[in-house]
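Here's the structure, in structure tokens; my notes come after.
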Amino acid sequence: QVQLVESGGGLVQAGGSLRLSCAASGRTFSNYAMGWFRQAPGKEREFVATVSRSGGSTYLTDSVKGRFTISRDNAKNTVYLQMNSLKPEDTAVYYCAATLALVITTRGDGYNYWGQGTQVTVSS
């Protein structure tokens, strides 16, 4: 079992930045690739970014490339999502998730554990 707790959400103006953190506990953190997803009101959950076990490989959805960065610190059992140049359409609840999958996984059903989410609101 892996427990995931997100933090760092909040209200920010368009063009601003936020850094989300996700602290993991339980099983060995470095055994899991990590991902960030988001869900806006009235919309389906969507993939945002993923990082490999070592942190050496990342993949981001096109809409956030060049603005968001995903990283991890295995010594701190934490994964981060640095979000710059935020837009109102980035407003959503952001979730981190852990997967044992050995390949890049963008589908939510490919993840084994989920956090409770943190709200990000970007005002125009």
Side-chain angles (χ1 to χ4, degrees):
Q1 191 80 2
V2 175
Q3 292 78 41
L4 302 172
V5 179
E6 301 97 334
S7 61
L11 174 63
V12 64
Q13 289 188 332
S17 298
L18 283 173
R19 188 176 81 156
L20 305 184
S21 299
C22 174
S25 61
R27 298 291 180 88
T28 303
F29 181 63
S30 58
N31 286 347
Y32 295 83
M34 300 297 295
W36 285 97
F37 290 76
R38 66 187 181 187
Q39 187 167 20
K43 295 188 177 181
E44 293 188 354
R45 181 180 60 195
E46 66 170 343
F47 167 81
V48 177
T50 185
V51 60
S52 63
R53 288 160 178 72
S54 67
S57 296
T58 64
Y59 179 78
L60 295 91
T61 194
D62 286 346
S63 62
V64 307
K65 285 179 180 177
R67 300 189 298 122
F68 290 11
T69 303
I70 186 171
S71 62
R72 66 189 294 162
D73 185 338
N74 285 345
K76 295 183 178 179
N77 289 355
T78 302
V79 60
Y80 305 98
L81 185 68
Q82 178 67 45
M83 306 186 294
N84 299 328
S85 302
L86 282 161
K87 304 176 181 179
E89 51 263 43
D90 295 317
T91 295
V93 177
Y94 283 71
Y95 300 89
C96 74
T99 178
L100 289 168
L102 299 178
V103 297
I104 290 175
T105 304
T106 63
R107 290 172 57 99
D109 59 8
Y111 285 77
N112 305 96
Y113 301 102
W114 292 83
Q116 83 290 347
T118 186
Q119 177 70 48
V120 171
T121 303
V122 184
S123 63
S124 57

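Position 1 is the first residue of the sequence; numbering continues from there.
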Using a 6.0 Å cut-off, check whether atom NZ of K65 has over 12 heavy atoms from anything other than its own residue. yes
Any pair counted as salt bridge (Lys or Arg N to Asp or Glu O under 4.0 Å), so long as it reaches residues 97-124, sequence neighbours left out: R107-D109
So the disulfide bond (SG atoms under 2.5 Å apart) pairs with at least one residue in residues 3-112 (sequence neighbours excluded) are C22-C96
Under a side-chain separation threshold of 4.5 Å, the hydrophobic residues clustered together with L20 are V2, L4, V12, L18, F29, Y32, M34, W36, V48, V51, L60, V64, F68, I70, V79, L81, M83, L86, Y94, L100, Y113, V120, V122
CZ on R45 to CZ on R38, rounded to 0.5 Å: 14.0 Å
Drop me the distance from Y59's OH to T105's OG1, to the nearest 0.5 angstrom. 12.0 Å
Above 12 or not: heavy atoms from other molecules or residues under 6.0 Å from CZ of R27? no
SB check K87 D90 (cutoff 4.0 Å): no
Inter- and intrachain pairs under side chain to side chain donor-acceptor pair (under 3.5 Å), touching residues 10-23, at least two apart: S17-N84
Which residues pass the side-chain hydrogen bond (donor to acceptor under 3.5 Å, both in side chains) test with T121, sequence neighbours left out? Q119
Qualifying disulfide bond (SG atoms under 2.5 Å apart) pairs with a residue from residues 36-81, counting only residues at least two apart or across chains: none
Any donor-acceptor pair under 3.5 Å linking the side chain of E6 with the backbone of Q116? yes
